Chemist: 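The structure that follows is given in the form of C-alpha cells.
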Amino acid sequence: MSSQNVTTIHIETGTPYDVVLGSGIFDDFGPAFTRVCPHAHTVAIVTDDMVARFYFTRMQKILKAQNLRCIHVIFPHGEAQKNIATWEHILRVFADNNLTRSDAVVALGGGVVGDMAGFAAASYMRGIDVVQVPTSLLADVDSSVGGKTAVDLPEGKNLVGAFWQPKLVWADVDCLDTLAHDFQIDGMGEVLKCGVLQGGRLFELAQKNRTEDRLELISACIRLKDHYVSEDEKESGARRFLNLGHTFGHAIETLSEFTITHGKCVAIGLILMARACEAKGIAVPGTTRRIHDAVENIGLPTKTTFGPDEIVEAARHDKKSSDTHITVVLIEDIGKCSLKTITFDELSELAHAALS
Ligand code: GLY
C-alpha cells in the first residue's frame, strides 16, 4: 500500500470483516475489493451527487483497473432522499443492468448513502455483497460500521431496514478534506458520544477536535463501536450503549423534521441527559458542565427550543421503545454510563429535569 498510517480493525460479527482506516488509501481500494468479493464481475457504485463530484470517476477508474464492469446510481444528496422511492430506483437500476447474486455494491458516501446502498444490497436477490467506502466523519465513526441499513418512512426514521454487515469498510480520512465544515462538525456529535462513553483520552481528544488527532480519534471510535457490535450484533443488549444521547437527540431530530442534523441533535441529547442525571443525583456533579463545554468548544449547539412534553411524545414513537417502556443510557460520569429501562412517566421526569 502506498500510504503510511494504516490501521486495520477486525469486526467480529457473525460474518467478520475489516475496517481499513488510513490517510491516502483511497486509490489502493481495487485489490482490497477483489480480495473480499472475488466472484464479482459487475460492481454497482451507489453514491449521491455531492460525493460523485469528487469521487465517482476516481472510484470507477479504480474498479475498472481490476477488470470489473461498473454500473452506477447517483441520487440527490440529503436525508429527504432516504426513502422507499430512492430504494426502489436503486433496485431497478441493479435489475435493469443484470446485477447478479455474485456481484457487489460499493456504497460511496456518507450516512445516507451507506444506509440506502446497504439496504439495497441487503434486499436485492435476498442479499448481495456490499463494501462501504465512507466519505464523511459520521460514516467513518458510526454508520459504515456495524451493519445497520435502512430507509425512512414518513412515519419515522430508519423504520424499514436490515442488519447487513459489509464485506469491508475502506475509510480514507483524506476524504474529510472535501467535506463541508458543517458536516465535519456534525460528525463530531457521534465522536463526542464515544468520548462520553469511554472517557479518558477519547473524551479529551474529542473536545479538542484537532485535525492532527483525527486518525487516532476515528480509530478509537471504531474500536469502541467494535466492542459493542461484536458482543451484540442485533442490538438486544450492550449495543444499546451506542444510543447514548439519542433518546432526546432523536426526538429533537424528528421534531425539527430533520432540519437539525443528526450529530447536532446527539450533542444536545448528551447535554440534556447529563443535566437530567445530575439533577436526579445519578451523575457526578460537574458532568453536565464538562459535556456542555466540550459541545461548545466543538461548535455544536447546546440548546433546544423544544419542550419536555413534546420531546417525550416524540420519543414514544421511536422504534426503540415499547408501548410502555424505553431503554435509556444514563450518564453517571464521563466514561461511566448505564442502561436502564424506564416508563414514559419516568422519561418525562428526566426530560423535565433536563429542561426546567
Ligand atoms: N448507531 C448506533 C449503532 O450502530 O448501533
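Indexing begins at 1, ligand by ligand and atom by atom, following the structure's order. Here the structure is a predicted model, which is why all the values come from computation and not from measurement.
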Chemist: Return yes or no for this condition: an N or O of Lys193 is under 3.5 Å from an N or O of ligand 1.
Modeler: no
Chemist: Decide if the gap between the ring center of Phe56 and the ring center of His72 is smaller than 6.0 angstrom.
Modeler: yes
Chemist: Short list, please: which atoms of ligand 1 are under 4.0 Å from a heavy atom of Glu235?
Modeler: 5 (O)
Chemist: Do His250 and His317 make the cut of ring centroids closer than 6.0 angstrom?
Modeler: no
Chemist: Side chain of Arg239, backbone of Glu233: donor and acceptor closer than 3.5 Å?
Modeler: yes
Chemist: Under a 4.0 Å heavy-atom limit, does Lys225 contact ligand 1 with its side chain, its backbone, both, or neither?
Modeler: side chain
Chemist: Check the orientation of Phe119 and Trp87. Use parallel for under 30°, tilted for 30 to 60°, and perpendicular for over 60°.
Modeler: parallel
Chemist: Side-chain contact, heavy-atom cut-off 4.5 Å: Val19 with Trp170?
Modeler: no
Chemist: Any idea which protein heavy atom is nearest atom 5 (O) of ligand 1, and the distance to it?
Modeler: Arg239 NE, 2.7 Å
Chemist: Which of the numbered atoms in ligand 1 are below 4.0 angstrom from a heavy atom of Asp142?
Modeler: 1 (N), 2 (C)
